[in-house]
Amino acid sequence: MLRFLTAGESHGPSLSVIVEGLPAGLSVRVEELGNELARRRLGYGRGPRMRFERDELRLIGGVRHGRTLGSPVAVEILNSEWPKWEVEMSPAPGSPSKKLTAPRPGHADLAGMQKYGFDDARDVLERASARETAARVVAGSLAKSLLATVGVAIVSHVVRIGAATTPSNVRPLPDDLERVDESEVRCFDATSEAAMIAEIKAAAKEGDSLGGIVEVIAYGVPVGLGSHVQWDRKLDGLLAGALMSIQAVKAVEIGDGMAQAGQRGSVAHDAIALDESFSQGGGFVRRSDHAGGLEGGISSGAPIIAKVAMKPLATLNRPVLETVDVATGESTVSFKERTDVTAVPALGVICEAMMALVIANEAQRKFGGDSVEEFVRNHGSYVANLGSTASAARPE
């Protein structure tokens, strides 16, 4: 089984991530991990922190001479700003110079303070911060590398920022990922890109924030990952949970899920046909992909598609959100930390990571293997045997 844990605070000395379950022999390069982290910093509307923050990585376990050993892989992401925070965030006994007592509506501040008995919101926000997703992106990069050995590729793009949206039929393929990343808002449609940038400029002028929606797509996933036999084995449930765990995400849609709720069954479902050249589906194809590549909690062989909605960020450059100072009980406005106008472009990269981790885990469950070579061999044998069902169904 593939699993990961992250540790560290936003302004702490570093973030760390441990990934367990990777087979031996997987190629790992610090430069490749760094490239994925750089993609996370992309996007018009990001704050100044993204311009001067750099991610210095250290591989501290599980890799030797560029290959995984089959043991847990540990990676540390150093914080270049740590000297500025070394006193305020010191693990040694002491007191902060200032307590944050005006929690932000829409953030974990107040609920976290109440849950843990804190009188300083920083004790909550440091871990609740989306900075933690840098560690997820590293873990997801490793999962992507594993999936690439069996032909699975994952791509994301922004389909909405504020009121600006893309046409529903515009969807990138794996080879289009570089083009998506070249967009200032990671949008695949140039006309929509201009409208999104205009939305961001307008919100920035007013000191406000924007949310939006990204679409993340996994290509090359074979039929048979996930299971219908228990609630916690359904692949759509696992994906929804992983994507919903991302900071500021409030909704996840698989395929055309929301639209299907208002349709009749005669138009909502994907017709099945024979095409023995389609190996991922075992010789069967869906003529459409309204289900988003998942039926009964199991991958169908069609692309897996999820839309992920992010709310506007809770920290505004013009603090106007009413709150209560928990120290005095007086009405006030929430405090301000450094923030972005929007982080939707970065969300896509994080969604890619979470989808990769879930699918890689299910691929490991299905194919197994202590080495990459064995994993690839088991996958190839399974896919080759899938075709026997389609051959039997072929008309004489």
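Counting begins at 1 with the first residue of the sequence. For the numbers below, each heavy atom of this structure counts, side chains included, while hydrogens, waters and symmetry mates do not.
Among pairs with a residue in residues 88-111, those fulfilling salt bridge (Lys or Arg N to Asp or Glu O under 4.0 Å) read Lys99-Asp119, Arg104-Asp109, at least two apart in sequence or across chains. Within the structure, side chain to side chain donor-acceptor pair (under 3.5 Å) contacts touching residues 353-364 (residues at least two apart or in different chains) are Glu362-Arg365. Listed by first then second residue, pairs satisfying salt bridge (Lys or Arg N to Asp or Glu O under 4.0 Å) with a partner in residues 140-158 read Glu36-Lys144, Lys144-Glu352, not counting sequence neighbours. A salt bridge (Lys or Arg N to Asp or Glu O under 4.0 Å) check over residues 220-245, counting only residues at least two apart or in different chains, returns nothing. Residue pairs meeting the salt bridge (Lys or Arg N to Asp or Glu O under 4.0 Å) criterion with at least one partner in residues 194-210, sequence neighbours excluded, are absent.
Of the charged side-chain nitrogens involved, none lies within less than 4.0 Å of a carboxylate oxygen, so that Arg171 and Asp289 do not count as a salt-bridged pair.
Applying the side chain to side chain donor-acceptor pair (under 3.5 Å) criterion to Arg58, with sequence neighbours excluded, gives Glu76. With sequence neighbours excluded, the residues that form a side chain to side chain contact (heavy atoms under 4.5 Å, CB included) with Val376 are Thr149, Val150, Val372. In this structure Trp85 satisfies the ring pair (Phe, Tyr, Trp, His ring centres under 6.0 Å) test together with His11, sequence neighbours excluded. In this view, Asn317 and Lys336 satisfy the side chain to side chain donor-acceptor pair (under 3.5 Å) rule, not counting sequence neighbours. Under the ring pair (Phe, Tyr, Trp, His ring centres under 6.0 Å) criterion, His379 pairs with Phe367, sequence neighbours left out. Here Glu373 pairs with nothing under the side chain to side chain donor-acceptor pair (under 3.5 Å) rule; sequence neighbours left out. Considering only residues two or more places apart in sequence or on other chains, Ser209 meets the side chain to side chain contact (heavy atoms under 4.5 Å, CB included) condition with Pro312, Leu313, Leu316.
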